[in-house]
Undergrad: 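My questions will all concern the structure given below.
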Amino acid sequence: MGRIIVVSNRVMDLRKAAQAGGVAVAIADLLRTRPGLWFGWNGKVVGNGDIPDQADLKHVKRAGRSGLATLPLTEEEHRDYYLGYSNSVLWPVFHNRLDLAQFEADFYAGYIRVNQRFAHALRAHIQPDDHIWVHDYHLIPLAAELRRSGVTNPIGFYLHIPVPPSQTFLAIPEHRELARALAAYDLIGLQTRADVANLIQFFEDSVSGRILQDGRVGVFDQRLRIERFPVGIDADDFVKASPVAPLVQSNDDGAQRIVGVDRLDYSKGLPQKFRAFGRFLEKYPQYRRNVVLSQIAPPTRESVEAYTDIRQTLEALSGKINGMFGELDWVPIHYIYRSTPRDRLRDIYRSSGIGFFTPLRDGMNLVSKEYVASQDPNDPGVPILSRFAGAAEQLVDALIVNPYNVEEMADAIKTALEMEKPERIERYTRLMEVIRGYDTATWSRSFLARLESAAEERARVVAPLTPLRSPCPKAAHAATPSLSSRLNKFSGKVSRAANSLSRSE
Ligand code: GDG
């Protein structure tokens with residue numbers, strides 16, 4: 001395999017990326033271990049006249065033959081492509097929040113223009129043996145634009161956020177254009193089995209896509225693979241955690257910390273978490289003064305309206321709960337509205353008896369995996385995790401809760417606090433097996449290996465394949481039960497294939 005070209009909306013200095021957390025760490029690791037290029041936006045917004053034709057190319061010292069190639073955005077592009085279509089249409093719809101979506105024609109036009117400009121600038125850097133790996137919802141049309149300019153290299157796409165149910169996806173006015181753009185990839189990687197099933201159903205409902213005999217999906221005249229590659233973490237990095245000094249506010253040295261770490265985003269279920277903690281203090285008064293909730297919530301996308309609302313809601317809720325239950329020497333909720341350094345975060349996870357992760361919808365939720373990996377194996381804490389996080393499909397030994405059910409979450413806090421050590425160790429051991437078995441390196445290796453084979457399949461000239469099932473022409477908006485169950489069976493098969501692939505590496 002030649003070089004890897006990673007394309008993502010935001011490109012960072014590799015050292016900063018390693019500190020940033022999330023998937024930036026995985027990309028930085030990948031480019032340190034194999035030759036490649038990281039292409040995308042440099043985070044700068046400039047005037048129309050200051051837009052360069054070509055990307056700014058920097059070779060990365062200490063990263064061998066890898067480099068960064070970046071471009072700025074204009075103010076208009078930042079508004080329409082980034083804040084607009086990406087974060088006010090695709091993000092809310094993919095997180096099941098149609099009520100927050102702003103369908104404005106200018107947004108889509110801006111989204112396409114930036115993808116065209118990026119494709120044009122990237123074209124100049126592509127060599128014949130390169131494999132191109134595009135990340136996330138900002139760049140769905142990139143492969144189609146590259147193909148239009150004659151690029152035949154393997155191109156894979158990974159979606160970090162969830163795929164909504166087909167009915168929700170169909171509400172996007174440009175859903176057919178998005179389906180056509182997605183079909184230009186050789187491989188689409190998703191976080192969960194449910195995401196795979198949803199995307200296949202969406203292809204079927206929107207553009208009469210069909211599952212072929214060889215497991216690929218036929219859309220228009222394209223054949224693509226859609227599989228599950230759950231994102232992992234670098235577990236060894238978190239195992240180094242050490243406990244921080246005990247809480248310095250309560251008279252009681254034995255006070256337990258419940259920790260939450262989430263970007264300040266409406267998808268993360270933060271008001272529900274605060275309400276559940278308030279209900280817990282109300283329902284189980286014996287625990288007052290013995291527990292605090294430390295919520296770290298660095299702000300993001302502050303110029304998008306929906307994000308100012310969530311901040312105000314949380315400030316009001318934490319103020320109310322602290323006012324209602326707090327004492328002069330005990331503040332129940334610590335709400336920290338800024339970012340915390342990564343090594344400090346690790347130590348805070350370690351010294352927290354409970355990790356509380358309650359997203360209403362989340363592609364994966366890496367924080368829950370980081371929390372588990374930071375625990376003391378001889379006295380581990382307990383993760384409480386929303387069933388609507390992609391991570392719940394893997395971390396079945398966490399206490400799984402419904403984030404819409406405040407009562408259930410309040411009870412889960414009590415169960416976690418009272419869980420005996422042998423059970424905590426047993427759960428932790430099983431959780432760590434999963435986390436270690438699917439870490440960042442396995443994730444990128446298995447995706448790239450599959451991209452290679454998917455591109456070979458595409459290049460092979462084959463006789464037309466008969467669909468495993470024919471598209472349902474008129475029943476486009478409703479999957480029959482038998483169709484849904486067949487879909488689930490199919491996505492199970494796909495994910496087993498992905499798992500066995502990762503094990504065999
Ligand atoms: C998207 C999908 C999917 C958070 N606060 C601080 C901080 N972080 C780091 C965490 C973690 C990362 O940011 C957040 O990752 P998540 O997975 O929890 O969530 P998203 O940012 O929404 O990520 C998500 C992910 O992509 C990967 O595919 O799992 O579903 O939404 O690593 O540690 N890091 C530092 N200070 C903070 O205050 N240093």
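All residue numbers refer to positions in the sequence shown, counting from 1. First listed ligand is number 1; within each ligand, the first listed atom is number 1.
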Undergrad: Do the rings of Trp41 and His78 sit parallel, tilted or perpendicular, given the 30° and 60° boundaries?
TA: tilted

Undergrad: Taking 4.0 angstrom as the limit, do Arg301 and Asp265 come out as a salt bridge?
TA: yes

Undergrad: Have a look at ligand 1 and work out which part of Asp265, if any, has a heavy atom under 4.0 Å from it: side chain, backbone, both or neither.
TA: neither

Undergrad: Which bit of Leu366 gets closer than 4.0 Å to ligand 1, counting heavy atoms only: side chain, backbone, both or neither?
TA: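 Both backbone and side chain of Leu366 come within 4.0 Å of ligand 1.
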
Undergrad: Parallel, tilted or perpendicular for Phe118 and Tyr81, by the 30°/60° rule?
TA: tilted

Undergrad: Tell me the protein heavy atom at minimum distance from atom 22 (O) of ligand 1, and give that distance in Å.
TA: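 So the nearest neighbour among protein heavy atoms is Arg263 NH2, 2.8 Å.
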
Undergrad: Return the option from Leu159, Asp262, Thr340, Asn365 holding the heavy atom at the smallest distance from atom 35 (C) of ligand 1.
TA: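 Selected option, by shortest heavy-atom distance: Thr340.
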
Undergrad: Please classify the Ser339 to ligand 1 contact at 4.0 Å (heavy-atom distances, strictly less than): side chain, backbone, both or neither.
TA: both

Undergrad: Does ligand 1 come near enough to Gly363 that some N or O of the ligand is less than 3.5 Å from an N or O of the residue?
TA: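 Yes; the residue has a nitrogen or oxygen that sits under 3.5 Å from a nitrogen or oxygen of the ligand.
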
Undergrad: Taking the ring centre of each residue, are Phe169 and Phe94 less than 6.0 Å apart?
TA: yes

Undergrad: Decide whether an N or O pair under 3.5 Å exists between Tyr158 and ligand 1.
TA: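 Checking ligand 1 against Tyr158, no N or O pair falls under 3.5 Å apart.
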
Undergrad: Could you give me the CA-CA distance, side-chain angles and deciding distance for Glu174 and Tyr85, then say whether side-chain hydrogen bond (donor to acceptor under 3.5 Å, both in side chains) is met?
TA: CA-CA 11 Å; Glu174 303 81 15; Tyr85 205 72; 2.7 Å; yes

Undergrad: Taking non-hydrogen atoms only, is Val367 closer than 4.0 angstrom to ligand 1 via side chain, backbone, both or neither?
TA: both

Undergrad: Heavy atoms only, cut-off 4.0 Å: how does Met364 contact ligand 1, side chain, backbone, both, or neither?
TA: both

Undergrad: Do Tyr349 and Val367 pass the side-chain contact (heavy atoms from CB on, under 4.5 Å) test, and can you show the C-alpha distance, the side-chain angles, and the key distance before you say yes or no?
TA: CA-CA 9 Å; Tyr349 290 142; Val367 177; 3.3 Å; yes

Undergrad: Could you list the atoms of ligand 1 found under 4.0 angstrom from a heavy atom of Gln191?
TA: 3 (C), 28 (O)

Undergrad: Are Trp443 and ligand 1 in contact, using a heavy-atom cut-off of under 4.0 Å?
TA: no

Undergrad: Is there a donor-acceptor pair closer than 3.5 Å between any side-chain N or O of Ser66 and the backbone N or O of Gly36?
TA: yes

Undergrad: Output yes when the distance from some N or O of ligand 1 to some N or O of Glu370 is under 3.5 Å, and no in every other case.
TA: yes

Undergrad: What are the atoms of ligand 1, with element, lying closer than 4.0 Å to any heavy atom of His160?
TA: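 Counting from 1, the qualifying ligand atoms are 2 (C), 3 (C), 26 (O), 27 (C), 28 (O), 30 (O).
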
Undergrad: Using heavy atoms and a threshold below 4.0 Å, how should the contact between Ile296 and ligand 1 be classified: side chain, backbone, both, or neither?
TA: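 The side chain, only.
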
Undergrad: Protein heavy atoms near atom 19 (O) of ligand 1, is at least one of them under 4.0 angstrom away?
TA: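 Looking at atom 19 (O) of ligand 1, one finds that a protein heavy atom does lie closer than 4.0 Å.
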
Undergrad: Going by the order shown, which atoms of ligand 1 are within less than 4.0 Å of some heavy atom of Trp91?
TA: 31 (O)

Undergrad: Counting only heavy atoms closer than 4.0 Å, does ligand 1 sit against the backbone of Lys268, its side chain, both, or neither?
TA: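 Within the 4.0 Å criterion, Lys268 contacts ligand 1 through side-chain atoms alone.
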
